[in-house]
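These notes are about the structure you will find just below.
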Protein chains: 2
Amino acid sequence: MAVTILVVEDEPAIQELIALNLKRAGHMVLCADSAQQAKSLINNVLPDLVLLDWMLPDLTGIEFARKLRQEERTKSIPIIMLTARIQENDKIAGLEAGADDYITKPFSPRELIARIKAVLRRRLPEMSDEIIELGGLRLDPTTHRVHVNNDVDPLKTAEVNLGPTEFRLLHYLMAYKERVHTRGQLLDRVWGDHVFIEDRTVDVHIRRLRKILESVGKENLVQTVRGTGYRFSVECSEESIG
Amino acid sequence: MAVTILVVEDEPAIQELIALNLKRAGHMVLCADSAQQAKSLINNVLPDLVLLDWMLPDLTGIEFARKLRQEERTKSIPIIMLTARIQENDKIAGLEAGADDYITKPFSPRELIARIKAVLRRRLPEMSDEIIELGGLRLDPTTHRVHVNNDVDPLKTAEVNLGPTEFRLLHYLMAYKERVHTRGQLLDRVWGDHVFIEDRTVDVHIRRLRKILESVGKENLVQTVRGTGYRFSVECSEESIG
DNA sequence: ACAAATCATTACATTTTTATGACAAAAGTA
DNA sequence: TACTTTTGTCATAAAAATGTAATGATTTGT
């Protein structure tokens, strides 16, 4: 589906150039000359990404970014900063305000598009509401329930009780089964992009998930891939000893 | 078949953005800056759906919607209102005028498209007047009564006394059983869209509902799903492993 | 075998979320 | 009007979940 991008840039020529390129890349574009105008636009439409010129005439770029990060509705919208030259101060301020990426002017349109793609890729995947049935587990997002198929009596299923994070983690792992995820990827996609949490914390949640799954006789579904991360797999990667 | 959508919105940027999104989604789009203009457009072409900004400059949005509902030719056209979060009276007026759905600004274009789809498919089976019998409860919307089946003597049923809000809440939960609803969804669906009520208030009403149900021996029907919301369920989520 | 790196596990303090009772405003009734 | 019911909010208690650090186990490379 179309991605809506808000461009906040006071220089008309640059604004137009950017807008043109974004449109050509298949995006919907909203333009604002100032933070002021950007705010009023955001009052009406929620963009999927904001391209923000840091050197706005009224110098309210930082404030604008911060405002976006504060409000519940907008706090997860990725922000890419456009700066003339990265001054140390800008960088710090930008980080504090929660920018996701920087682009230094002048930049090539191709670079811009590439960065945008990269940032958008990091968004939380919109997990569908489809029931996932895998490895003897059945996860239903709409009822928020996980059941284990009883191997003896297929009609009987036991419910598995998971905490919110364990549920999301399992959902994600099952949705992207058989694929290894680094701790960083899991943090980005299960916890959310703008969280600062120790990588090791993922271990603990994996542990909790495993513990619960073990208690219902599902042992080897969540596997460790040493040096990389974790994986949900139905294939048994154990007794492959030669 | 192409669906024709009339967009009534005075802000040019937003109008254009919406129009572009709709076009991209494969719809025919008609645009109007004012209720005035919309009326004359409708005289020529009959749209399949109307997107109506409630805050038109001439403040004739309400009147416009009402007019649509009055005239035979247009009275069954679904109306989606675009509203700012603040105006509370709008809700009443909107309901009276017969809007089918609301979208509160700021909204994401994705959300907009999704809602349009939903309305067009007549997705939401408006709460019917059918009697719902579930988990030992019998709820009759027409008589506005709830009965509990007596487990001992099936012929005897006790009546449960619920307040208006509790009744609607239970009705909704039973109509969409087994599914988790966030507090926001419940506020939208049971209280009405964009009402200014604290999320936590839902807790209190759930509490009241539970209290009443407990008093007639129905304990685990209304369940908490931590981190998400509530659910009406016949399956017991208790004796679960884990 | 040894040291380094990586992962597992446990315990615990903190934070977040939910439950519950009380209260006053609002709405409805007599 | 006086009285009852309903309803939204708050304060606080209770419960659950979460992140981190510390420690132990396992693997890996040399």
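Here is how names work: the chains are called A, B, and so on, in the same order as the sequence lines, proteins then strands, and each is numbered from 1.
Distance CG (N161(B)) to P (dT6(D)): 8 Å, rounded to an integer number of Å. For E198(B) and dT7(D), the CD to P distance is 18 Å, given to the nearest whole Å. The distance from atom CD1 of I212(B) to atom P of dT5(D) is 13 Å, rounded to the nearest whole Å. The interatomic distance linking L209(B) (CG) with dT6(D) (C1') rounds to 15 Å, in whole Å. As rounded to whole Å, 15 Å separates atom P of dA17(D) from atom CG of L170(A). Between D199(B) atom CG and dT9(D) atom C1' the separation is 13 Å, expressed in whole Å. Separating the CG atom of L162(A) from the C1' atom of dA16(D) is a distance of 14 Å, rounded to the nearest angstrom. Straight-line distance from the NE2 atom of H144(A) to the P atom of dT17(C): 13 Å, rounded to whole Å.
One side chain, S233(B) or R145(A), offers a donor N or O that lies under 3.5 Å from an acceptor on the other.
Looking only at side-chain heavy atoms (C-beta outward), T201(B) and L187(B) stay at 4.5 Å or farther from each other. A heavy-atom distance below 4.5 Å is not found between the side chains of L137(B) and H147(B). Contact check for D203(A) versus R183(A): side-chain heavy atoms found under the 4.5 Å cut-off. R208(A) places a side-chain heavy atom less than 4.5 Å from the side chain of V204(A).
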Which parts of nucleotides 4-14 of chain C does protein reach within less than 4.0 Å, heavy atoms only, written one letter per nucleotide 5' to 3' as B for base, S for sugar-phosphate only and - for none? --BSSSBB---
For each nucleotide in nucleotides 24-30 of chain C, reading 5' to 3', give B when a protein heavy atom comes within less than 4.0 Å of its base, S when such contact involves only the sugar-phosphate, and - otherwise. -------
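With dA17(D), dT20(D), dG8(D) as the candidates, the nucleotide lying closest to the side chain of I197(A) is dT20(D).
Side-chain N/O atoms of W191(B) include none lying less than 4.0 angstrom from OP1 or OP2 on dT7(D). Between T165(B) and dT6(D), a side-chain N or O to OP1/OP2 separation shorter than 4.0 Å is absent. OP1 or OP2 of dG19(D) sits under 4.0 Å from a side-chain N or O of H205(A).
Within the nucleic acid shown, T201(A) comes within 4.0 Å of at least one base atom, counting heavy atoms only.
Scanning all heavy atoms of the two residues, the minimum distance from Q185(A) to V180(A) falls at OE1-O, 4.0 Å.
The distance from atom CG of L41(A) to atom NZ of K39(A), rounded to the nearest 0.5 Å, is 13.0 Å. Taken to the nearest 0.5 Å, the CD1 atom of I206(A) stands 5.5 Å off from the OH atom of Y230(A).
Ring-plane geometry between Y176(B) and H181(B) is classed as perpendicular, the angle between the planes exceeding 60 degrees on a 0 to 90 degree scale with a lower cut at 30.
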